[in-house]
Amino acid sequence: MLTTCMTDWLTSLCKWRQAYHFSSSQPISSTKKIQLQLRLPSMLANKDPLFLTGVAFPSEYPASPETLVKLTVYDAKDKNQESSSFLGSATFSVGDLLRAKDEQLTLSLRSSDGVCAAGTVVVSRLKMGEMEEVDVDHITTDIPSQKCPLVCESAHHSCVDRESNPLTGPVFRNPVCKVYRFQTVDSKWMFVREQMEECTLSFSIPKQLLSLYIQEDMSRVQDLRELGDLSPHWDNLRKEVMTRYGGIISSYQETLAELDKITGHSFKPSCCKAQKSLEFIPINLHTQRMRVTCPKKTDAFYDIVTVGAPAAHFQGFKCGGLQRLLSRYEAEKKSFSTAYQCIYYSPEHTAKAQEVLSTMSLLQPLITSLADQLLQAAHEHSSPGLRDALKNLSDKTEQFVHTLKDELVKSALLALHAAQPGFVSKNQKQTPVPGKHQGQGGDQNQSPVQGLPGHSPAASVTESTVVCNNVEGSQTMTGGEGGLLQPKHQDSIPHHKEYDEEEWDRVWANVAKCLNCVIAMVDKLQEEDSSKQESVPEQQLADVITSHNPGDWREQLCPLVTRLKECVMEVAEKAKRAMTFVLLQEAACSIPQGFLLQQRRDVVFSQALAALACGFVMRLYAGMQDKGFLRQLHLVGLVAQFESLLSTYSEEIGMLEDMEVGISDLQRVAFKITEAKTDELGDLQPLVCGRRDHFTVEVPLPQLVFQTLPEEIKEGKPLRVFPVLFNVGINEQQTIAERFGDISLQERINQKNFETLEAYYKSLSEKVPLECLPCFQTQTDIKELLETLGQNVVTKKRKNVEILWIAGTICRRLNGIRFTSCKSAKDRTSMSVTLEQCALLRDEHQLSKDFFVRALDCMRREGCRIENVQKNIKCRKYAFNMLQLMAFPKCYRPPEGTYGKVDS
């Protein structure tokens, strides 16, 4: 390979090594439209290899016709060794090249004494199109502070490259660029440019999430404190749960402090995947773009995000991953709730409690704000303003009331009431405790207990049972003729009609009544305004509004609005305490396993969200000028397709179980496009807000760009993402799993996510014209591709990588976001990415079949992916051995000399 090192007078140090695989490409320099082509000495002439190099002309030393370039050629048979043999050198001027016939120079390499010829080197000048009319793109090279202009740039390309694009500055950095020239089936040449970059979101998203986790858990602790006095049993449980939360908060604060110390890094190398301080950071997160330029055709580019499988490597996989651990935990939680004398709440009810809390925290201040807006409109005597403010207030208040009309809230309020010190049931006060046969009569002596969805059938609770919480939880209760009754564990949520009807229903119904009074008063005021005379209030509201002076609108509305705000606050406080008690019971019967699982889930989700945010931003930037894409974005959302190459054997099955849950949890994420305060890079950094049950990622855009977006997006409409995961193991461990183990996890994942992808396409085809989707040379219908994918998913075939190929093709056809993962996103991922790129060149750009394998080997040997390996482990070798590769599908095997035993 040729590598370059520039001196003050633009001397290029070029190294080569013997490898016939490079004859697959016509390598080109990425600077000043100069191509360097090396002919080996006669002893290797039969191999006739070609080599890729890049020569940088820094701005402080601009090239001119008088500029001299010196080539020094070394024989570097092993790039990992510092030693090399000097072969020869040659010198030429840029002017000589510009004046040369056929735009190329043939130079003789001279030995150090300047006498002996060591071979020849051909230097060619490339020109494609009217380059002087195009703004030349710049990318950063591996040489500090140097820039190299792109050799070929199309004036018709719709996307500006990254460093010159103000949108991508705060997100992508440290680009690595490789440029190739490949032959097409019609014997013409296409130019291919790979560009790989790191993403600042690798660190910024996890740090923001950690802050939100800490904030949420601290809020939970405060809510527990505000539950008030509880019986000794429940108070002890509360203290234990608060201690657990305190441990998590302390751990997350330490991790965040460690991350704050790290500066200048944009990715976590694979060798650090099990490091505790970096466990929230995604492994080896990079973006990669392949841009293709063909004569007389519009440029095309293809993006992909590569990242290590989101998994809790520090915590390990001895007991499996999240999917298995959560299933086992839910099965065991009922026995935990019995031991702690708690009501068992299903995951659905826990999620519902979190949703109610989240909704209350959003709606209560919003209703207060809208009520103040209504009063302001009344003060200004603005009839239209009054109408608009009332509509918004009515909508949010109705949503508020609807949220509270839930059986979970009702039963939780009674459970909280029963957990207070000295509580004795209402029935016990009214009915004396009967003899030893109590509770064994007919239904007339019992109050029914009904289970909610997700619970076992309800058990009955006798009306005569004494419920007393002023004793320790472990103490038994007396009843009947002095006999002992063990505290009865209820396996489902009870309904207590007396308390619900007399207390809770009355409280939240007051909110609706207050709103109706406000609406009636507004109607009255508007009627007076339109008729310009006093109107008699309606009879049914006489006791509410007749006492007010009809002159000042604000004065008449203020008491009603104030009462509404007070009722909303009262209801929100009760609901908050009830749901907090639900979560207390869930947390109490989760100790300690539930807290450990939550930490593991936080870690995995953090890695997954950082990757998703990176892919979303990349896809958004690329589609800013595509009206069809923007329409699809706000009407339906985007599909995010994760390709995984993990095996279903040993530790990797635990990684896959983690990844499945992490990718599924991304359904709780929405994106929102905002207008940046300024065009400064710091104000263009994506922000995360929300809590564990729902997060929103805000992506700021510069003002001029933001104004070009559709109104729905500018108004802040949440933009959905539909994550899907397809996995096919390809290594030797997968061979063992297929022959002697179990691959049901992989089969279930692929089937489930195929159904999700199919449902997404159905929704998309109903809401968005298919003309909005991108055009491809391959004319296979998406519906047909889905049918083929469905058939492959259910087909029993070993290492059926066609599932991955078809899913990737469908994703690109649907304007989706492509991700590829393995354990470290370094070795198997590199094989997949390069294979996909060459397949796109073959199918979409007519890459000659004779050049396919050569192009594939060239990309794997000298492209961006081997640079990724170097960045991760400081060695330019893929971590494969010959035995492993024998188990790989042939198209996933790297070329000779690029793999070996290394620490990965």
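Residue numbers run from 1 in the order of the sequence given.
The CG atom of L560 lies 11.0 Å from the CG atom of L515; values are rounded to the nearest 0.5 Å. The NE2 atom of H349 sits 9.5 Å away from atom CE of M579, with the distance rounded to the nearest 0.5 Å. Between I367 atom CD1 and T397 atom OG1 the span is 4.0 Å, to the nearest 0.5 Å. Rounded to the nearest 0.5 angstrom, R691 CZ and S358 OG are separated by 5.5 Å. Atoms NZ and CD1, from K717 and I673 in turn, are 13.0 Å apart once rounded to the nearest 0.5 Å. Rounding to the nearest 0.5 Å places CZ of R600 at 6.0 Å from CG of L325.
Partners of Y245 according to the ring-ring contact (aromatic ring centres under 6.0 Å, His included) rule, which considers only residues two or more places apart in sequence or in another chain, are F595. Applying the ring-ring contact (aromatic ring centres under 6.0 Å, His included) test to F706 and every residue at least two apart in sequence or in another chain returns nothing. Checked against ring-ring contact (aromatic ring centres under 6.0 Å, His included), F671 has the following partners two or more places apart in sequence or in another chain: F616. Every residue was checked against the salt bridge (Lys or Arg N to Asp or Glu O under 4.0 Å) condition with D388, not counting sequence neighbours, and none meets it.
V721 has its side chain out of reach of L666: every pair of non-hydrogen atoms, C-beta onward, lies at least 4.5 Å apart. Here the side chains of L687 and V697 are not in contact, with every heavy-atom distance at 4.5 Å or above. Considering only heavy atoms from C-beta on, L719 comes within 4.5 Å of H634 through its side chain. No side-chain heavy atom of T243 sits under 4.5 Å from any side-chain heavy atom of E240. Considering only heavy atoms from C-beta on, Q593 stays 4.5 Å or farther from R328 through its side chain. At a threshold of 4.5 Å between non-hydrogen side-chain atoms, the residues Q215 and M218 do not count as touching. Using a 4.5 Å heavy-atom cutoff, the side chains of F605 and V669 are in contact. Between M360 and L357, the closest side-chain pair of non-hydrogen atoms is not below 4.5 Å.
No more than 12 heavy atoms of other residues, nucleotides or ligands sit less than 6.0 Å from atom NE2 of H379. For R720, the CZ atom counts as loosely surrounded, since its 6.0 Å shell holds 12 or fewer non-hydrogen atoms of other residues, nucleotides or ligands. Other residues, nucleotides and ligands contribute only 12 or fewer heavy atoms inside 6.0 Å of the NZ atom of K396.
S606 and L209 make their closest contact through CA-CD1, 3.5 Å (heavy atoms, listed as atom of the first residue, atom of the second, distance). In this structure, L386 and A378 approach most closely via the heavy-atom pair CD1-N, 3.8 Å. Between I663 and A608, the shortest heavy-atom contact is CD1-CB, 4.4 Å. Minimum interatomic distance between R577 and E226 (heavy atoms only, all atoms of both residues): NE-O, 3.7 Å. Nearest heavy atoms, I248 versus Q599: CG1-CD, 3.9 Å. When all heavy atoms of V688 and L212 are compared, the closest pair comes out as O-CD1, 3.6 Å.
Among residue pairs with one or both ends in residues 559-569, those qualifying as salt bridge (charged side-chain N to carboxylate O under 4.0 Å, His left out) are D372-K565, R563-E566; sequence neighbours excluded. Identified under the side chain to side chain donor-acceptor pair (under 3.5 Å) test for residues 359-371, with sequence neighbours left out: none.
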- Query: Stepwise, does the side-chain contact (heavy atoms from CB on, under 4.5 Å) test hold for L374 with V518?
  - Reply: CA-CA 10 Å; L374 182 69; V518 172; 3.6 Å; yes
- Going through the distances and angles, do D235 and R238 end up as a side-chain contact (heavy atoms from CB on, under 4.5 Å)? CA-CA 5 Å; D235 192 49; R238 173 169 58 179; 2.8 Å; yes
- Please walk me through it: do I519 and D523 pass side-chain contact (heavy atoms from CB on, under 4.5 Å)? CA-CA 6 Å; I519 293 173; D523 290 342; 3.7 Å; yes
- Task: Walk me through it: do V582 and L416 pass the test side-chain contact (heavy atoms from CB on, under 4.5 Å)?
- Result: CA-CA 9 Å; V582 169; L416 174 59; over 6 Å; no
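Counted by atom type alone, Y252 and D602 present one or more donor-acceptor pairs between their side chains at under 3.5 Å.
Here the side chain of Q667 pairs a donor or acceptor atom with the backbone of S664 at under 3.5 angstrom. The closest donor-acceptor contact from the side chain of Q208 to the backbone of P686 lies under 3.5 Å.
Salt bridge K714/E711: present, at least one basic N to carboxylate O contact under 4.0 Å. Between E216 and R220 a salt bridge is recorded (basic side-chain N to carboxylate O distance below 4.0 Å).
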